Every structure is written in C-alpha cells, then in structure tokens.
Amino acid sequence: MGFVNKEQDSLLCKSLDIRVYQDGDLCFLNKKDIAQLIRDRGDSIIGQPKSRVNIPAIEHKLNSHEDIANAEVYMTIDGKVKVDVKQRKPVIRIINTSGESYYIDDEGKLMPLSSKYTAKVLIANGAISESYIKNYKHSLTDISKENEVKKNNMLGELYAMATYINADEFWKAQVQQIYIDSLNDMEIVPMVGNQKIIFGDTTAMDEKFKKLIIFYQQGLNTTGWWDKYSVINLKFKNQIVGTKKQIPIIKKIN
C-alpha cells in the first residue's frame with residue numbers, strides 16, 4: 001500500500017479536463033473561464049506530480065465564484081485532473097428603488113449580474129427596497145426572518161412567485177414582469193393583453209392563477225370581451241373583480 005501511495009503521489013498530471021454543465025441557454029462561464037480562474041490562483045497543473053496539485057484549494061476557489069453553484073475537482077488514476085462545474089441558475093431579476101439590479105437563483109440566494117451574459121428571466125421592479133450589497137451573504141430565509149419586524153418579505157414573495165411561474169410553460173411564456181405597487185401588491189405584466197393584473201401577495205397563489213386562466217379563456221372565446229377591462233383584480237377570494245375601460249365621450253364642436 002505504501003508503494004502504491006508513493007507511486008500515486010509521483011503521478012504526473014497529463015491533462016486538465018473541464019466540463020461546464022449547461023442548463024438551457026445558461027452561459028455565465030465556459031471552459032476557458034474556468035481554466036483562467038485556476039491559472040489566476042497560481043496553480044500549475046499540467047506536468048506537475050499529484051502531490052503538488054492542491055485539489056481542495058482549487059475546488060474551494062471555484063466554489064467561491066459568484067456564478068458557480070457547485071464545482072468538483074478530482075484526479076484520475078491515469079493522471080487527468082477532472083473539473084465538473086455547475087452554473088447558478090437565476091429565476092428572477094430584481095431592480096430595486098435605488099436602481100440596483102441583481103438576480104435570485106433557484107436556491108433562493110442573491111446573485112450579481114454578469115458582464116458577460118444576461119439571463120432571460122422574469123423581471124421585478126417597483127417598491128422593492130432590499131439591496132444586494134446588504135443581503136447577498138444571506139439566504140432568503142434569513143432575510144425573511146430579519147424583515148418580519150418590518151412586515152416586509154418582498155424578496156421571498158417574488159422568489160415564490162417566480163418559482164411557480166417558471167414551473168408552468170404557459171405562465172412562463174405569458175408573464176414577462178412583476179411590478180410592486182405602493183401597497184406592496186404584486187402586479188403581473190403580461191405578454192398578451194394590456195390589462196393591469198393585480199395579484200396581491202402569494203396567498204392562495206394557485207387559486208389566483210386558476211382564476212386568471214378562466215379570464216383568459218373567456219376573453220379569448222368571447223368577441224369583444226377581452227378588451228372591455230382595464231384592471232383585473234385577483235386579490236379577493238373566489239372571485240375576479242374586473243374594472244371596465246372608460247369609453248371616452250366625444251363632443252361635437254360646431
């Protein structure tokens with residue numbers, strides 16, 4: 001065993017094999033970026049004996065990167081250093097009242113924007129005060145607990161809404177933006193139709209979306225009905241409250 005271990009320690013690294021797993025069209029990082037991160041750390045890989053390749057340190061460096069969800073680094077018995085990288089996956093982009101913009105990823109963690117790639121995700125803006133700089137080290141659970149005193153859990157609400165929408169192909173295609181009004185109610189900005197859709201909070205979220213689909217079905221199947229309403233309010237239980245558009249009165253001038 002001692003002989004085998006000694007042989008393994010002296011084994012030279014022959015190559016660096018990097019795999020960056022794609023999820024959809026995610027492209028925050030590629031193989032060249034990962035190789036550069038390793039070089040920036042000062043790690044010499046190719047031609048070095050296994051005993052001098054600091055696998056844990058390389059793995060820690062990669063896992064500390066803001067765009068990486070998980071990185072695994074290991075060396076095979078034939079001298080190849082394998083690097084497997086999973087990118088973080090944004091579900092919604094936040095634009096707060098200060099103009100600061102950032103993502104929330106699928107694990108409920110804040111994520112900065114990238115200068116290299118812009119994710120095609122839901123956008124949320126309006127009365128959102130939470131800052132990235134003050135909160136990026138914390139999970140949404142921690143942020144929610146801290147804000148309970150303020151009765152403000154806007155990031156948690158937006159994350160829950162985005163998760164629901166992204167899990168449904170219809171809503172993912174139909175909802176392009178969420179706006180937070182002065183009452184902290186969420187308003188949906190749809191791809192089709194020009195109605196203002198007041199959603200409220202995430203209470204009874206599934207029920208509210210089912211009510212909205214009824215509105216769409218009736219509107220699409222009834223001539224002229226679709227354009228009658230300027231506001232659709234889903235906040236009230238077991239009903240949809242619609243506000244009809246005001247028809248302008250044209251006065252004839254002699």
Side-chain angles (χ1 to χ4, degrees), residues 18-31 33-34 37 59-73 83-96 100-126 128-148 152-180 186-191 199-206 208-209 212:
I18 299 172
R19 290 184 293 180
V20 180
Y21 293 98
Q22 303 295 130
D23 190 341
D25 61 350
L26 285 182
C27 194
F28 288 106
L29 297 163
N30 56 33
K31 292 182 180 181
D33 297 322
I34 301 302
L37 285 171
E59 197 169 84
H60 176 74
K61 168 71 174 180
L62 295 178
N63 279 313
S64 299
H65 192 275
E66 57 198 14
D67 293 326
I68 294 177
N70 183 61
E72 295 183 357
V73 183
V83 181
D84 295 335
V85 173
K86 178 185 177 183
Q87 300 177 83
R88 294 178 69 182
K89 184 178 181 180
V91 296
I92 189 168
R93 178 175 175 176
I94 307 296
I95 303 174
N96 67 15
E100 186 183 23
S101 187
Y102 54 90
Y103 298 116
I104 300 177
D105 71 9
D106 59 349
E107 294 183 356
K109 298 177 181 178
L110 274 56
M111 177 181 177
L113 299 187
S114 169
S115 59
K116 180 179 178 180
Y117 172 76
T118 301
K120 298 176 182 178
V121 293
L122 274 170
I123 294 176
N125 65 340
I128 306 171
S129 61
E130 288 85 350
S131 167
Y132 174 81
I133 296 297
K134 293 181 179 179
N135 295 294
Y136 77 96
K137 292 183 179 180
H138 308 286
S139 68
L140 289 187
T141 302
D142 294 334
I143 296 171
S144 298
K145 288 179 180 177
E146 180 182 335
N147 289 341
E148 280 180 1
N152 183 9
N153 182 20
M154 192 51 63
L155 294 184
E157 290 282 286
L158 289 168
Y159 173 68
M161 176 74 95
T163 300
Y164 185 99
I165 291 171
N166 289 330
D168 187 286
E169 288 301 319
F170 176 79
W171 294 122
K172 188 175 180 180
Q174 172 64 356
V175 181
Q176 62 175 335
Q177 185 176 339
I178 301 171
Y179 176 77
I180 309 301
M186 288 187 282
E187 297 179 7
I188 291 177
V189 180
M191 290 290 290
F199 197 89
D201 58 23
T202 56
T203 303
M205 183 161 50
D206 188 60
K208 290 176 182 178
F209 273 110
L212 185 55

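Numbers for residues simply follow the sequence, beginning at 1. Everything quoted here is computed from the prediction, not taken from an experiment.
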**Student:** Which heavy atom of Y132 sits nearest to which heavy atom of P112, and what is that distance?
**Tutor:** OH-CD, 3.1 Å

**Student:** With rounding to the nearest 0.5 Å, note down the distance linking OG1 in T118 to CG in L113.
**Tutor:** 7.5 Å

**Student:** Could you label the plane-to-plane angle of the F28 and Y117 rings as parallel, tilted or perpendicular, counting under 30° as parallel and over 60° as perpendicular?
**Tutor:**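 Answer is perpendicular, since the angle exceeds 60°.
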
**Student:** Report the residues that fulfil side-chain contact (heavy atoms from CB on, under 4.5 Å) with A69, sequence neighbours left out, ordered by chain and then residue number.
**Tutor:**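 A69: side-chain contact (heavy atoms from CB on, under 4.5 Å) contacts with K86, R88.
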
**Student:** Are any side-chain N or O atoms of K61 and backbone N or O atoms of L37, one a donor and one an acceptor, separated by less than 3.5 Å?
**Tutor:** no

**Student:** Are side-chain heavy atoms of M186 and L158 found at a separation under 4.5 Å?
**Tutor:**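 A side-chain contact under 4.5 Å exists here.
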
**Student:** How close do I18 and K31 get, heavy atom to heavy atom, and via which atoms?
**Tutor:** O-CE, 3.1 Å

**Student:** Just by distance, with hydrogens left out, do Y164 and D206 show a side-chain donor and acceptor under 3.5 Å apart?
**Tutor:**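 Per modelled atom types, Y164 and D206 side chains form a pair under 3.5 Å.
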
**Student:** Do V83 and E59 come within less than 4.5 Å of each other through their side chains, counting heavy atoms only?
**Tutor:** no

**Student:** Do the non-hydrogen side-chain atoms of H65 and L29 ever get within less than 4.5 Å of each other?
**Tutor:** yes

**Student:** Step by step, work out the side chain to side chain contact (heavy atoms under 4.5 Å, CB included) result for Y159 and I92.
**Tutor:** CA-CA 7 Å; Y159 173 68; I92 189 168; 5.7 Å; no

**Student:** Quick check for you: to the nearest 0.5 Å, what is the distance between T202 atom OG1 and M161 atom CE?
**Tutor:**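 Reported to 0.5 Å precision, the distance equals 7.5 Å.
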
**Student:** Is any side-chain heavy atom of I34 closer than 4.5 Å to a side-chain heavy atom of I68?
**Tutor:**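 SC-SC contact between I34 and I68 confirmed.
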
**Student:** Report yes or no: does N96 contribute a side-chain atom to a donor-acceptor pair with the main-chain N or O of E130 at less than 3.5 Å?
**Tutor:** yes

**Student:** Are any of the side-chain heavy atoms of I165 and I188 separated by less than 4.5 Å?
**Tutor:** no

**Student:** If you round to the nearest 0.5 Å, how far is CD1 of I133 from CD of E100?
**Tutor:**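 The CD1 atom of I133 is 5.5 Å from CD of E100, to the nearest 0.5 Å.
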
**Student:** Which is it for N166 and D106 under the side chain to side chain contact (heavy atoms under 4.5 Å, CB included) test, yes or no, and what are the steps along the way?
**Tutor:** CA-CA 10 Å; N166 289 330; D106 59 349; over 6 Å; no

**Student:** For Y103 and V121, indicate whether the former's side chain and the latter's backbone hold a donor-acceptor pair under 3.5 Å.
**Tutor:**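 Side chain of Y103 to backbone of V121, a donor-acceptor pair under 3.5 Å: no, none is there.
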
**Student:** For the pair N63 (side chain) and A71 (backbone), establish whether a donor and an acceptor sit closer than 3.5 Å, ignoring hydrogens and angles.
**Tutor:**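 Yes: the side chain of N63 pairs with the backbone of A71.
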
**Student:** Could you tell me if the side chain of K116 sits less than 4.5 Å from the side chain of N30, heavy atoms only?
**Tutor:**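 The answer is yes, as the side chains (C-beta and beyond) meet within the 4.5 Å cut-off.
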
**Student:** Out of curiosity, N70 CG to Y21 OH, how far, rounded to the nearest 0.5 Å?
**Tutor:**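 It comes to 10.5 Å.
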
**Student:** Which heavy atom of W171 sits nearest a heavy atom of D168, and at what distance?
**Tutor:** N-OD1, 3.1 Å

**Student:** Could you grab the distance from atom CZ of F209 to atom CD of Q174, nearest 0.5 Å is fine?
**Tutor:**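 If I round to the nearest 0.5 Å, the distance is 10.0 Å.
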
**Student:** Quick check for you: to the nearest 0.5 Å, what is the distance between I104 atom CD1 and I94 atom CD1?
**Tutor:** 4.0 Å

**Student:** Would you call P90 and L26 a side-chain contact if the rule is heavy atoms closer than 4.5 Å?
**Tutor:** yes

**Student:** Using the side-chain contact (heavy atoms from CB on, under 4.5 Å) criterion, which residues pair with Y179? Sequence neighbours excluded.
**Tutor:** N125, D181, E187

**Student:** Donor-acceptor pair, Q87 side chain versus D23 backbone, under 3.5 Å?
**Tutor:** no

**Student:** For residues R93 and L122, determine if any side-chain heavy atom of one lies less than 4.5 Å from a side-chain heavy atom of the other.
**Tutor:** no

**Student:** Residues in side-chain contact (heavy atoms from CB on, under 4.5 Å) with Q176, at least two apart?
**Tutor:** V189, M191

